[in-house]
Number of protein chains: 2
Amino acid sequence: MKLSTRGRYGVKAMFELALNYGSEPLSIKTISEKQNISEYYLEQLFGSLRKAGLVKSIRGAQGGYVLSRPPSEITVGDILDVLEGPIEISECIDDEDNCSRIEYCATRLLWIKIRDSVNQVTHSITLEDMVNDYKSMNIITSIKRGE
Amino acid sequence: MKLSTRGRYGVKAMFELALNYGSEPLSIKTISEKQNISEYYLEQLFGSLRKAGLVKSIRGAQGGYVLSRPPSEITVGDILDVLEGPIEISECIDDEDNCSRIEYCATRLLWIKIRDSVNQVTHSITLEDMVNDYKSMNIITSIKRGE
DNA sequence: TTCAAAGTTGACAAAAATAGTCTGCTATGA
DNA sequence: TCATAGCAGACTATTTTTGTCAACTTTGAA
Ligand code: FES
Ligand code: FES
């Protein structure tokens with residue numbers, strides 16, 4: 001079980017926007033350089049994020065992207081849901097395999113528990129939390145250096 | 001984020017063995033029929049499970065597989081670790097991308113939290129738990145039917 | 001007004017992972 | 001001794017992931 005690059009890149013890109021929140025928009029190009037992600041690939045991801053209403057685009061010269069809500073109101077789960085899709089462990093649709101008899105399915109409850117656990121974690125961490133963590137990390141590192 | 005068929009099939013197969021624990025060994029063929037999984041594919045999975053020491057094989061006529069420990073001592077996490085590999089969110093090795101500067105990495109802490117959460121859930125649920133859940137489900141269903 | 005920066009869209013494709021199949025083999029209990 | 005069942009590993013097909021690219025649209029700024 002792993003996160004694809006869509007999720008990983010997406011969170012990193014959104015983190016950049018969160019760091020920059022309140023200032024001028026960030027262009028795809030800028031973000032792609034900062035996080036070392038393909039510009040073209042990022043465009044795809046931002047297409048999804050925009051459709052989902054997580055970011056707003058500002059066209060024209062000096063345009064770019066901004067968060068459509070404050071970082072405190074966007075969770076990592078919101079981003080991952082858009083880019084990775086909701087966690088689908090099993091189909092639960094096909095009526096032919098024996099897994100469709102939900103009442104008797106031994107594993108269904110298990111998948112639900114795993115999914116809920118991940119959702120609980122990802123939806124409880126906001127971009128603001130990440131920015132705060134990041135800033136305290138930097139302060140601690142500075143202190144360690146004796147600055 | 002999703003579980004591959006390896007993990008899903010593997011847990012289902014191990015659940016069958018747990019249901020059958022204490023009785024005669026179950027052959028790949030039997031399991032493949034009960035859970036409707038390709039016989040050849042299951043062989044692959046059981047190869048891994050055997051090497052990991054989760055199951056024992058009994059060769060020859062009337063042979064098959066049995067759990068090598070009681071169901072209460074095998075967690076779902078044990079199975080998933082073998083079949084899906086441990087949860088690798090990011091590489092954290094390549095020194096060239098900016099993600100390698102772990103002290104400054106904004107997302108690393110996040111991936112760790114997600115991973116730990118999944119591990120905590122999967123490693124706390126044993127095959128015995130699943131069997132118990134399954135049995136209570138059946139009882140409840142029977143009562144609802146007025147039996 | 002013109003131009004260049006920047007977003008938008010959708011097609012395309014390489015690469016990797018997943019899922020599944022098959023063949024020939026070995027071991028062993030009945 | 002032979003049918004049953006596991007063992008090993010090559011092989012293939014399919015899907016998903018991970019990008020790339022080109023043509024087009026919008027719009028702020030000079
Ligand atoms: S009913 Fe969907 S996992 Fe069993
Ligand atoms: S250092 Fe591995 S995720 Fe950043």
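Small disclaimer: the values here were computed from a predicted structure and weren't measured.
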K.L.:
If hydrophobic clusters are built from ILVMFWY residues whose side chains come within less than 4.5 Å, do A:Leu127 and A:Ile125 share one?
P.N.:
yes
K.L.:
Applying side-chain contact (heavy atoms from CB on, under 4.5 Å), name anything that partners B:Glu24, two or more places apart in sequence or on another chain.
P.N.:
B:Asn20
K.L.:
So, using side-chain hydrogen bond (donor to acceptor under 3.5 Å, both in side chains) as the criterion, who are the partners of B:Thr30 when residues are at least two apart?
P.N.:
B:Ser27
K.L.:
Could you give the CG-to-C1' distance, from B:Leu42 to C:dA19, as a whole number of Å?
P.N.:
12 Å
K.L.:
Rounded off to whole Å, could you give me the CD-to-P distance for the B:Glu43 and C:dT21 pair?
P.N.:
12 Å
K.L.:
Across nucleotides 12-18 of chain C, 5' to 3', mark each nucleotide with B, S or - according to how protein heavy atoms within less than 4.0 Å reach it.
P.N.:
-------
K.L.:
Give a yes/no on whether any side-chain N or O of B:Ser38 is located under 4.0 angstrom from OP1 or OP2 of C:dA19.
P.N.:
no
K.L.:
Taking CD1 from B:Ile28 and C1' from C:dA27, how many angstroms apart are they, rounded to a whole number?
P.N.:
16 Å
K.L.:
To the nearest Å, how far apart are B:Leu45 CG and C:dT21 C1'?
P.N.:
13 Å
K.L.:
To the nearest angstrom, how far is A:Glu39 atom CD from C:dT8 atom P?
P.N.:
13 Å
K.L.:
List for me each residue that meets side-chain hydrogen bond (donor to acceptor under 3.5 Å, both in side chains) alongside B:Tyr41, sequence neighbours excluded, and say none if there are none.
P.N.:
B:Thr5
K.L.:
Look up atom CG in B:Leu3 and atom CZ in A:Arg115, then write down how far apart they are to the nearest 0.5 Å.
P.N.:
13.0 Å
K.L.:
Reading DNA chain D in the 5' to 3' direction, which nucleotide is the first one with an atom under 4.0 Å from a heavy atom of chain A, and which is the last?
P.N.:
D:dT18 to D:dA29
K.L.:
Hey, which of these two, B:Phe46 or A:Tyr40, hits DNA chain D nearer its 5' end, going by closest nucleotide?
P.N.:
B:Phe46
K.L.:
Among pairs that include at least one residue of residues 12-40 of chain A, which meet ring pair (Phe, Tyr, Trp, His ring centres under 6.0 Å), considering only residues two or more places apart or in two chains?
P.N.:
A:Phe15-A:Tyr134
K.L.:
Look at the side chain of B:Tyr9 and decide which nucleotide, out of C:dG20, C:dT23, C:dG7, has an atom nearest to it.
P.N.:
C:dG20
K.L.:
Got a sec, which residues hit salt bridge (charged side-chain N to carboxylate O under 4.0 Å, His left out) with A:Asp129, two or more places apart in sequence or on another chain?
P.N.:
none
K.L.:
Between side-chain atoms of residues 56-64 of chain B and protein atoms elsewhere (two or more places apart, or another chain), which donor-acceptor pairs fall under 3.5 Å?
P.N.:
none

K.L.:
Kindly write out the residues that satisfy side-chain contact (heavy atoms from CB on, under 4.5 Å) with B:Leu42, not counting sequence neighbours, or none if the list is empty.
P.N.:
B:Ala13, B:Ile28, B:Ile31, B:Ser32, B:Ile37, B:Leu45, B:Phe46
K.L.:
Could you pull out all residues at least two apart from A:Asp81 that satisfy side-chain hydrogen bond (donor to acceptor under 3.5 Å, both in side chains)?
P.N.:
A:His123
K.L.:
Please list residues of residues 54-67 of chain B whose heavy atoms come under 4.0 Å from any atom in DNA chain D, ordered by number; otherwise none.
P.N.:
B:Ser57, B:Ile58, B:Arg59, B:Gly60, B:Ala61, B:Gln62, B:Gly63, B:Gly64, B:Tyr65
K.L.:
Report the residues that fulfil side-chain contact (heavy atoms from CB on, under 4.5 Å) with A:Asp116, sequence neighbours left out, ordered by chain and then residue number.
P.N.:
A:Ile112
